[in-house]
Amino acid sequence: MYLLTFLGMISVLIMACVGLLINAKHIVGFAFSYAIYYVLLLGLVFLAMPSKSLLSMIGLNLLMGVLYLPIAALFANDGEGKNLFGWVSGCLVLVLVILVGVGFAQTVFSVKPVYSSLNVKTEKKAPLLDKKETPIAISPKTVRNKMNKAMSTVPNTSYYKLGSLQTQVVKGKVVYIAPVEFDGFWKWQRAHTTPGYFIIDATNVNAEPHFVKQSMKYTPSACLADDAQRVIYNRYPEWIQEGDPQLEVNDQGEPYYIQTVYKARGLSKRINYRTLHVVVLNSKTKSTQIYTASGAPKFINESIASSTAATMNSIFGKYANGFWNARFGKTNVKVSNNNGTEDGVTPVVDKHGNISYFNDFTSPKSDADSTMGYSMINARTGKITYYTGKNIGVMDSDGAKKIAEKEYVAQKWSATMPIMYNIDGTPTWVVSLLDSTGAFRSYAYIKAGDQSVKAYASTATDALDQYRVQLAAAGSTASSTGNSKMSKVTGVVSRVIVLPSGNSQNVLFALKGNSVLWTVGSNDYPKAVLMKTGDRVQLAGNVNKSANTGTVQVFKNLSFK
């Protein structure tokens, strides 16, 4: 930090030296004033923690040079020497202004190199998420509500507040964790350490948080030398910190704070996403280690912070053709939807325990409500897989949330965490509904290509069962999935119901001794609507074994003459 402060005082040193050449009798005044400004900048660096990047150094020199001008000019006031000092100082400040302007312009406008640094793979045939992926059943708002209620179990609870939520896989289970943080400077002065963190099962809406006692000294809410960000900054000042430190624990429950970092490009502060690193800080011992994002210890699930992933989505969607195109022409521009989570991306865990961030994209047109595709960002490597193709034309996540909320307008429930799943070969939005207190109330399953096909239930299993019935009633073809098989069946009807479907009707029926729920359309077989319990039928159709539903392709009612 002391070296960083000295590098930020080069412009002041130059001005002081020029002033001494003009008027050497004020050497004590120049030395004293330089020391005062050095201490002021040292305090600024301590508080602001600027990175040791070229643009930061130039910016500090410009700031301190401008502030030092009146003092230096006062000491250098000696006839014609005053003009010389003014000319040299003015040129120095002008050069610094130009360099800062160039660096700022590169950072803001030269976004194409940032876009090019994204590691993107595009899949034209989008394999939708299936139920083998672990759904995060409980929303962050619900979790935060439950954890805040459980804060009373924390010793000296008035000293603390709940920190940021983090999704993680611990001992093979998908969980949310949140640290207990200091509630201000004076509380830190009294306690000096935080007592631990909360953990809760992320896949069970009925789960309750459990408090884990783990004394932590170096946290983001600690102050001065105990501040986790400051510890990381002092060890790695040349790295720019992206987002805030986040808590992760290993399988033994030991807490660590991790920080996504990067090095600036040239004069700008442009990020290079292919060289992201992560700093791992032991919150008890202060030991730190820096790794490449993908090379972090195995217990680190999210080397790439969720806030960083949200920024990556924004850059990927907007800047394929540069900064100005994103504002005006908007060729190939996609807008990433904020799906209601704390950082705008939804974590999804695969069967191997790997976490990815889900987000969908829509058109920049204000009246567009169909999705252009969706991205999955690997939380350890930062690799983006963008899925497009057969999903085009289905509603986006904002549309799904609005449809889910319409069912409970009077209750004023809000929809959150929409994510697309493959339900029996059908693109389906699964949305969580919360009441005004943030408590979970219901799931909504909505067919992405037809908002009239939807189901609601308080449990995922019930909602899925009801949704499959709705799919069958709508005549969803089981042949659209690889989990279907053509079957020939003869049997007696045990249950039957006729349901409207647009300008036609669908007949749902079950056969004695057969567990499959069959669907036949009146457009194909008009006499099917006359079927009744006890009729003997002969049929052939595609059966989805996982859903236990069938779509009739060939139909004959043997009892109807």
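Just so it is clear, the values below take in all heavy atoms, side chains as well, and ignore hydrogens, waters and symmetry mates.
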Check: With K318, which residues qualify under side-chain hydrogen bond (donor to acceptor under 3.5 Å, both in side chains), at least two apart?
Finding: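 So K318 forms no side-chain hydrogen bond (donor to acceptor under 3.5 Å, both in side chains) with any residue.
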If I take atom [atom1] from residue [X] and atom [atom2] from residue [Y], how far apart are they, to the nearest 0.5 angstrom?
X    : Y    : atom1 : atom2 : value
N325 : N332 : CG    : CG    : 7.5 Å
K187 : S221 : NZ    : OG    : 12.0 Å
I199 : Q168 : CD1   : CD    : 7.5 Å

Next item on the list: Evaluate the ring planes of Y38 and Y34, with Trp represented by its six-membered ring, and classify them as parallel (under 30°), tilted (30 to 60°) or perpendicular (over 60°).
Entry: parallel
Margin query: Under the ring pair (Phe, Tyr, Trp, His ring centres under 6.0 Å) definition, can you give me all pairs with a residue in residues 97-119, not counting sequence neighbours?
Written below: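 Sorted result for residues 97-119: F109-F323, F109-W324.
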Check: Restricting to pairs with a member in residues 273-299, which pass ring pair (Phe, Tyr, Trp, His ring centres under 6.0 Å), not counting sequence neighbours?
Finding: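 Pairs touching residues 273-299 that pass the test: W239-H277, Y256-F299.
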Item checked: Of all pairs that satisfy salt bridge (charged side-chain N to carboxylate O under 4.0 Å, His left out), the ones with a partner from residues 154-169, not counting sequence neighbours -> none
Main-chain N/O of [Y] paired to [X] side chain as donor or acceptor, under 3.5 Å:
X    : Y    : value
K171 : Q252 : no
N282 : T285 : yes
Q166 : E302 : no
N313 : S336 : no
T194 : M216 : yes
S11  : N61  : yes
R144 : G163 : yes

Are [X] and [Y] close enough that some pair of their side-chain heavy atoms sits under 4.5 Å apart?
X    : Y    : answer
D201 : V174 : no
T275 : K263 : no
T122 : V120 : yes
V279 : Y236 : yes

Check: Is the Y374 to F361 ring centre distance short of 6.0 Å?
Finding: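 Ring centres of F361 and Y374 not closer than 6.0 Å.
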Margin query: Among residues at least two apart in sequence or on other chains, which ones pass side-chain contact (heavy atoms from CB on, under 4.5 Å) with S110?
Written below: P113, R270
Checklist line | Axial cation check for F316 ring with K334, 6.0 Å and 45° limits | finding: yes
Notebook entry, point to check: Is the Lys NZ or Arg CZ of R190 less than 6.0 Å from the centre of F182's six-membered ring, within 45° of the axis?
Noted result: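 Output no; distance or angle outside limits.
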Notebook entry, point to check: Is the shortest side-chain N to carboxylate O distance from K217 to D226 below 4.0 Å?
Noted result: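 Yes, this pair counts.
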Next item on the list: Answer with yes or no whether the side chains of K269 and Q106 bring together a donor and an acceptor at under 3.5 Å.
Entry: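 Judged by distance alone, the side chains do not pair up.
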Check: How far apart are the C-alpha atoms of T311 and T308, what are their side-chain angles, what is the distance that settles it, and do they pass the side-chain hydrogen bond (donor to acceptor under 3.5 Å, both in side chains) test?
Finding: CA-CA 5 Å; T311 304; T308 304; over 6 Å; no
In residues 376-383, what donor-acceptor pairs under 3.5 Å come from side-chain atoms, sequence neighbours left out?
unit_1: N378; atom_1: OD1; unit_2: R380; atom_2: N; d: 2.8
unit_1: N378; atom_1: OD1; unit_2: T381; atom_2: N; d: 3.1
unit_1: R380; atom_1: NH1; unit_2: P297; atom_2: O; d: 3.0
unit_1: R380; atom_1: NH1; unit_2: I300; atom_2: O; d: 2.6
unit_1: R380; atom_1: NH2; unit_2: S294; atom_2: O; d: 3.0
unit_1: R380; atom_1: NH2; unit_2: A296; atom_2: O; d: 2.7
unit_1: T381; atom_1: OG1; unit_2: K383; atom_2: N; d: 3.2

Next item on the list: Locate the shortest heavy-atom distance separating T260 from S303; write the atom from each residue and the value.
Entry: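 Smallest interatomic distance, heavy atoms only, reads OG1-O, 2.8 Å.
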